[in-house]
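From a predicted model like this one, the values you see are computed outputs, not experimental measurements.
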Amino acid sequence: MPPNPTGPTNAELRMLIRFLRRAANEYKAAIWDYVADLLEKPTRRRVEVNVGKINRLANDGDVIVVPGKVLGYGVLSKKVTIAAWSFSKGALEAIKRAGAEAITIPELVRRNNKGSNVKVII
């Protein structure tokens with residue numbers, strides 16, 4: 001056992017990264033490897049995306065994955081499906097108000113194991 005373990009210390013996050021690596025190999029979908037790489041970053045470099053940015057970059061009906069946290073700043077006016085590691089309360093309210101859907105990353109992998117037509121927003 002190494003004296004200083006590398007990678008995230010959060011057990012749930014480590015399990016999610018392992019799950020994504022397995023899905024990438026099993027379904028031959030490189031997108032899940034990419035998402036796992038982004039989730040492995042140090043806490044201070046982890047992705048945080050506001051709903052306003054999602055609104056700018058997404059179209060109606062898009063499926064989006066945020067390998068980090070979704071924050072509530074801005075307005076979301078499009079009906080999209082957003083999968084993320086975590087959501088702030090404000091983000092969940094904004095997503096619900098827009099008629100969009102907030103799901104977990106494993107749920108997205110189960111729905112779309114190949115990762116086709118999924119946009120990664122960082």
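Contact check for Val51 versus Tyr73: no side-chain heavy atoms found under the 4.5 Å cut-off. Between Asn55 and Val75, the closest side-chain pair of non-hydrogen atoms is not below 4.5 Å. Leu71 places a side-chain heavy atom less than 4.5 Å from the side chain of Lys69. The shortest side-chain heavy-atom distance between Val63 and Leu108 falls under the 4.5 Å cut-off. A heavy-atom distance below 4.5 Å is found between the side chains of Arg56 and Lys53. The shortest side-chain heavy-atom distance between Ser116 and Asn112 falls under the 4.5 Å cut-off. In this structure, Ser86 and Val70 have side chains that are not in contact, with every pair of non-hydrogen atoms separated by 4.5 Å or more.
What you find for Tyr27 and Lys114 is that their closest heavy atoms are O-NZ, 3.2 Å. Residues Pro67 and Ile122 come closest through the heavy atom pair CG-CG2, 3.9 Å. The two atoms that bring Gly72 and Ser88 nearest to each other are N-OG, 3.4 Å, heavy atoms only.
Side chain of Arg46 to backbone of Lys41: a donor-acceptor contact under 3.5 angstrom is found. No donor-acceptor pair under 3.5 Å is formed between the side chain of Lys78 and the backbone N or O of Ile54. For the pair Trp32 (side chain) and Asn113 (backbone), a donor-acceptor distance under 3.5 Å is present. For Asn50 (side chain) and Gly74 (main-chain N/O), no donor-acceptor pair under 3.5 Å exists by modelled atom type.
Taking CG of Leu92 as the start and CD1 of Ile82 as the end, the distance is 9.5 Å to the nearest 0.5 Å. Going from atom CZ of Arg110 over to atom CD1 of Ile103 covers 10.0 Å, rounded to the nearest 0.5 Å.
Residues satisfying the salt bridge (Lys or Arg N to Asp or Glu O under 4.0 Å) test with Lys119, not counting sequence neighbours, are Asp62. Scanning for salt bridge (Lys or Arg N to Asp or Glu O under 4.0 Å) contacts around Glu101 gives Arg111, with sequence neighbours left out. For Arg21, the salt bridge (Lys or Arg N to Asp or Glu O under 4.0 Å) criterion is met by Asp33, Asp37, Glu40, not counting sequence neighbours.
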Problem - Candidate pair Phe87 and Val66, rule side chain to side chain contact (heavy atoms under 4.5 Å, CB included), full reasoning - result: CA-CA 10 Å; Phe87 296 90; Val66 176; over 6 Å; no

Handout entry: Steps toward side chain to side chain contact (heavy atoms under 4.5 Å, CB included) verdict (Leu13, Leu39)
Key = CA-CA 8 Å; Leu13 185 55; Leu39 284 168; 4.0 Å; yes

Exercise for the section: Could you walk me through whether Ile31 and Val118 pass side chain to side chain contact (heavy atoms under 4.5 Å, CB included), step by step? Expected result: CA-CA 9 Å; Ile31 187 171; Val118 173; 3.9 Å; yes

Problem - Worked verdict on Leu16 versus Leu20 for side chain to side chain contact (heavy atoms under 4.5 Å, CB included) - result: CA-CA 6 Å; Leu16 173 60; Leu20 287 169; 4.2 Å; yes

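The cluster map of Ile, Leu, Val, Met, Phe, Trp and Tyr, joined by side-chain heavy atoms under 4.5 Å apart, puts Met15 and Val65 in different clusters.
At most 12 non-hydrogen atoms from other residues, nucleotides or ligands lie less than 6.0 angstrom from CG of Asn117.
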